[in-house]
Amino acid sequence: MDFDTLHALGKTELHCHLDGSLSLRCIRQLAKMINRPLPASDDALRQLVQAPADSENLADYLKTFDFVAPLLQTKKALQLAAFDVVAQAAEENVRYIEIRFAPAFSISGGLSLSEATEAVIEGLHQAMTKFDIVAKALVCGMRQLPNADNQAMFRANAALLGNGLVGGDFAGNEADFPTSVCAPAIKTAQALGVPLTFHAGECHCPQNIAEAIFLGIPRIGHATACFDQPDLIQKIVQTHTTIELCLTSNLQTKAARSLDEFPYQALKAAGAAITINTDNRTVSNTTLTHEYELYQTYFKTTAADFLAFNLNAINAAFISEPAKQTLRNRLQQDYAAFL
Ligand SMILES: O=c1[nH]cnc2c1ncn2[C@@H]1O[C@H](CO)[C@@H](O)[C@H]1O
Ligand SMILES: [Zn+2]
C-alpha cells in the first residue's frame, strides 16, 4: 500500500505520550504563554524537541522531555496540549487513542495531581467534539519517583476513572528502577481499580517484563527484551498479555540495537496480541502512518495484519464492551476494501 492508503486506513493507538507528541505549533503557542523564547526556525526548534539520532540509551532519550515540561504547568496549557495531540491523531485517521502523561511532572505551577488530569481530559473532550475520534487519558507513575509519590498520584486520580481517564502506566528510568522496586505502587493502583499498562523491557532486561506479567498487568509497553526469550514469549501468549510495540522509539533508545532485536516477528509467529504505536510523535519524529510504512517495508506487514493489530488494540483498550464493538465495526468497514 502506498503512503496515502496507509494514511487513509483507520487506526488505533494505545501508547502515545502527551509531552512527547506536541506539534511544533503547539510548543510555540505554549512557550508564548509563559514568555519563553524559542528559536525562530522550525528546524532549530526540532533539534531541541527531538531525541538525538545518536541517543545512547533510554536515559539519554528521556532527557529530551525536560525541554517541554515547563510548558505544561497550567490547566490551559494541558488542555491545549491534549487537544493538539488528538488533532494530529485524527488527521491520520486514528479512530481510538489513549494518551498518557505524568501528573507529577505538571504540578510545579500549583496544579494538584488531579487538576492536571482534569485539564488533559477537558482537552480530549474538546477535541472529540471537533474530530471523528475517541480519545482517553492514562496517568503515568514514574519508576524513578518514590512509591509514596506514585501511590499519592493514583489515589488522587482514581475518582476520575470512567470520566475520560481510563487507566494508568509506569514510565521512566527502567535501567535503575526495575519492576520489583515499583511493586508497592503497582499494587496500590490495582487495589484502587486502575487498569494498568506498564513500560518494560526497554533496557535489555526481560526480567522486568516477566515481573510485570507476574504482577497481573495485562498490557506491556515495548517488551523489546523478549525478542530472544521463547519462554517469556510463551508466557505473554498464555497470559493473553497485549504488547504495545514502538519501533522507531526502540531503535532510538537502542532498546533494539537493530531490527533483529525488535520482537515483532517472534511475537507475531507465537500468536501474541501485538499493537503498533508511536510512543512519542515529536521526540521520535514519527506518526502512526509512518510506523505502518516501516512495518510494511521491513516486515512485509499486510492490510490483514494491520486490521488484526487494530482489533488487538480494541480488545485491550480500557473502555466498555459496547464502545469496543462500535470501534470494531468501524475498523472492519475501514479495511473491507483492502482484504
Ligand atoms: O519510551 C519511554 N520509556 C520510558 N519512559 C518514557 C518513554 N517515553 C516517554 N517516557 C516518559 O514518560 C513521561 C510521561 O509521558 C515522559 O515525561 C517521559 O519521561
Ligand atoms: Zn512510552
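Numbering of ligands and ligand atoms starts at 1, following listing order.
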Beyond-backbone contact of L30 with L72, side-chain heavy atoms, under 4.5 angstrom: yes
Sum of protein N, O or S atoms, each under 2.8 Å from the Zn ion (ligand 2): 4
Partner of N250 by side chain to side chain contact (heavy atoms under 4.5 Å, CB included), out of F227, Y264, F262: F262
R46 and D43 ion-paired at < 4.0 Å: yes
H204 side chain reached by E261 side chain, heavy atoms, under 4.5 Å: yes
4.5 Å side-chain heavy-atom contact, K11 and Y292: yes
Within-4.5 Å side-chain heavy-atom neighbours: R28 and L38: yes
F3, CZ: over 12 other non-hydrogen atoms inside 6.0 angstrom: yes
Atom-level proximity to ligand 1, residues with heavy atom under 4.0 Å: H17, D19, L58, L62, F65, A102, F105, M142, A171, G172, H199, E202, H222, D279, N280
Option from H199, H15, R219 for which side-chain hydrogen bond (donor to acceptor under 3.5 Å, both in side chains) with D169 holds: H199
Sidechain-backbone polar pair: E13 side chain, T278 backbone, donor-acceptor under 3.5 Å: yes
